[in-house]
J.: 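Take this structure first; my questions come after.
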2 protein chains.
Amino acid sequence: MSNFEAFFDYIQKISGKLLSEDDKHLLTAHFKTRKLRKRQYFLQEGDVCKYIGFIVKGSARTFTVDEKGHEHILKLSVENWWLTDFESFYLLTPSRFNIEALEELEILQSTNAEIEEFLKKIPAFSAMSNVISQNNTIAAQKRMQAINYSAEERYEELVSNYPHFLQRFPQNMIASCLGLSSETLSRIKKNALK
Amino acid sequence: MSNFEAFFDYIQKISGKLLSEDDKHLLTAHFKTRKLRKRQYFLQEGDVCKYIGFIVKGSARTFTVDEKGHEHILKLSVENWWLTDFESFYLLTPSRFNIEALEELEILQSTNAEIEEFLKKIPAFSAMSNVISQNNTIAAQKRMQAINYSAEERYEELVSNYPHFLQRFPQNMIASCLGLSSETLSRIKKNALK
DNA sequence: TTGAAGTGGTGACTTAAATCAAGAAAACAC
DNA sequence: GTGTTTTCTTGATTTAAGTCACCACTTCAA
């Protein structure tokens, strides 16, 4: 149950609204705990992403594989983040992404239809969804700006926004996530020490 | 009034819901028509973006100016798009962007507080907002993928998504929007002709 | 109608970052 | 504890794209 406590706290904090006991029961009834071992896939390219997961414990990476067989990480996800391919999840189209557990992963998962229900029935859930959408829109704007950033600037931004990622994830994944080769990132870190 | 007809059509089409006569009156009462001449600013860097505009006619660019004085276009906007700096508009913080009319521009504009009211009172408006949020989230995901795209790939993507932009906007703006120098874009187009 | 500003094209050169290759160091498995 | 992946670093080379310089063509304003 402590899984759900953290989840409820998250919803209330983000939305600025309280969950009633009924709300909590509804959520508890529909969100299923799921555990994935390290390296296990939450989603494989070509499948429809039927679930959205709230990360209780652990981390995951979302990545694509290009024609040359190179992997590109789009996103690293940790506790209290939502895990899904939104495009596939919303539109029910086959996903172009893979989502893989990087550590022992524990999530609370639910389906699109259930989420629709929560949005209708739970004011705090719907308010949370709106806040997340707002943040997403703002983040999307910021990312447009980042087109012209140099490798150093992209790295500095990550350091200031997600400093704990540096300890948690190997450098080659950080590099991939920033769209850099791991050699370049290694050199950037060396220069930054001066 | 025909301005509003197009606006109502847009809301109904995107949301999949109909607007009642009351809904329409509420919108008509609060959205103000505003015209900007070519080169006029809708928003200047440092100001809070108090308004959101729905473009009825014309186009605009959202851009920043870096330390070296170079302009970077983040977005080109045309008819039936929303015009605002979402970060500044939602959070009431000073904007880092400029928004300038590229052609004679006609918009329907409203404030944050009014939008909140529409979201509460007009189901079609709220449904529209949700659909736009969904699309935004999907677009944000796609943009993450684009980190590793080459100049050619970025250009090809624009050609397939927004072919009419090529006629409508000068090449140097398209280039800036793609994060390329105009020389590079010129060379890409030359190669593409083969 | 004639500058002036804006736009687009091309060549020469520079630069940032990728790629290739090889070792060192750390983490993990048995 | 020893071997085996995995991760990180460093150097040499290549490549994509930026920068600089210049010219041609159009549009537009006075």
Side-chain angles (χ1 to χ4, degrees), chain A residues 37-40 58-59 61 63-73 76 100-104 145-159 164-194, chain B residues 37-40 59-61 63-73 76 100-104 145-159 164-194:
Chain A
R37 292 182 311 283
K38 190 172 171 170
R39 301 271 161 90
Q40 223 181 328
S59 60
R61 64 180 182 131
F63 67 99
T64 53
V65 181
D66 68 21
E67 333 75 60
K68 290 179 200 150
H70 298 286
E71 295 181 355
H72 299 281
I73 297 179
L76 294 168
E100 181 199 44
L102 291 176
E103 305 168 311
E104 190 80 2
Q145 231 187 324
I147 293 188
N148 299 289
Y149 285 4
S150 68
E152 273 93 342
E153 288 168 321
R154 297 217 289 274
Y155 177 67
E156 290 306 330
E157 207 185 48
L158 180 124
V159 169
H164 53 290
F165 275 27
L166 301 179
Q167 277 71 52
R168 189 152 185 185
F169 301 110
Q171 209 157 288
N172 54 14
M173 294 212 179
I174 303 275
S176 175
C177 198
L178 293 172
L180 303 177
S181 69
S182 66
E183 292 94 330
T184 297
L185 183 53
S186 176
R187 288 174 185 121
I188 287 171
K189 287 182 84 170
K190 192 178 157 193
N191 287 335
L193 288 180
K194 293 185 302 195
Chain B
R37 293 182 311 283
K38 190 172 172 171
R39 300 271 162 89
Q40 222 180 332
S59 61
R61 65 180 181 131
F63 68 100
T64 53
V65 182
D66 68 21
E67 334 74 59
K68 291 179 198 150
H70 297 289
E71 294 181 356
H72 299 281
I73 297 178
L76 294 169
E100 182 199 44
L102 290 177
E103 305 168 312
E104 190 81 1
Q145 232 187 323
I147 293 188
N148 300 290
Y149 286 4
S150 68
E152 274 93 345
E153 288 168 322
R154 296 217 289 275
Y155 177 67
E156 289 307 329
E157 207 184 47
L158 180 123
V159 169
H164 52 293
F165 275 28
L166 301 178
Q167 276 71 52
R168 189 151 185 186
F169 301 109
Q171 208 158 287
N172 54 14
M173 295 213 179
I174 303 276
S176 175
C177 198
L178 292 172
L180 303 177
S181 70
S182 66
E183 291 94 332
T184 296
L185 183 53
S186 177
R187 288 175 184 122
I188 287 171
K189 286 183 84 169
K190 191 177 157 193
N191 287 334
L193 288 181
K194 292 185 301 195

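Values in this document were obtained by computation on a predicted structure and should not be read as measured data. Letters go in sequence order (proteins before strands), and every chain restarts at 1.
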J.: More 5' along DNA chain D: A:Asn172 or B:His70, using each one's nearest nucleotide?
T.: A:Asn172
J.: I'd like to check B:Gln171 versus B:Ser186 (side-chain heavy atoms, cut-off strictly below 4.5 Å). Are they in contact?
T.: yes
J.: In whole angstroms, how far is the C1' atom of D:dG18 from the CG atom of B:Leu180?
T.: 10 Å
J.: Find the distance A:Lys189:NZ to D:dT7:P and express it as a whole number of Å.
T.: 14 Å
J.: To check you understand the geometry: which heavy-atom pair defines the closest contact between A:Tyr149 and A:Arg154, and what is its length?
T.: O-NH1, 3.3 Å
J.: In this structure, how many angstroms lie between the P atom of D:dT10 and the CD1 atom of A:Ile188, rounded?
T.: 14 Å
J.: Whole angstrom is fine here: how far is it from CD in B:Glu71 over to P in C:dT7?
T.: 11 Å
J.: Given D:dT10, is OP1 or OP2 found less than 4.0 Å from the side-chain N or O atoms of A:Lys190?
T.: yes
J.: Which heavy atom of B:His72 sits nearest a heavy atom of B:His70, and at what distance?
T.: CD2-O, 3.6 Å
J.: Any N or O donor-acceptor pair under 3.5 Å from the base of C:dC20 to the side chain of A:Glu183?
T.: yes
J.: Check every strand shown and say whether B:Leu185 touches a base, only sugar-phosphate, or nothing at a heavy-atom separation below 4.0 Å.
T.: nothing
J.: I'd like to know if B:Arg187 reaches the base of C:dG8 with its side chain such that a donor and an acceptor end up less than 3.5 angstrom apart.
T.: no
J.: Which atom pair, heavy atoms only, marks the closest approach of B:Gly179 to A:Asn148?
T.: CA-OD1, 3.5 Å
J.: Of all the choices, C:dT19, D:dG11, D:dC8, which nucleotide is nearest to the side chain of A:Ser181 once you look at every atom?
T.: C:dT19
J.: Among A:Arg168, A:Arg37, A:Arg39, A:Lys38, which one satisfies side chain to side chain donor-acceptor pair (under 3.5 Å) with A:Glu103?
T.: A:Arg168
J.: Starting from C1' on D:dT9, measure out to CG on A:Asn191 and report it in whole angstrom.
T.: 13 Å
J.: Rounded to the Å, how far apart are A:Ile174 CD1 and D:dT6 P?
T.: 19 Å
J.: What is the minimum heavy-atom distance between B:Tyr155 and B:Leu185, and which atoms define it?
T.: CD1-CD1, 3.4 Å
J.: In whole angstrom, give the distance that lies between atom CZ of A:Phe169 and atom P of C:dA26.
T.: 22 Å
J.: Specify the residues of residues 147-156 of chain A, ordered by number, for which at least one heavy atom lies under 4.0 angstrom from an atom of DNA chain C.
T.: A:Ser150, A:Ala151, A:Glu152
J.: If you find the nucleotide of DNA chain C closest to B:Arg39 and the one closest to B:Gln171, which residue's nucleotide is nearer the 5' end?
T.: B:Arg39
J.: OP1 or OP2 of D:dG18 versus the side-chain N and O atoms of B:Thr184: is any pair under 4.0 Å?
T.: yes
J.: For B:Cys177 and A:Ile147, work out which heavy atoms get closest and say how close.
T.: O-CD1, 3.7 Å
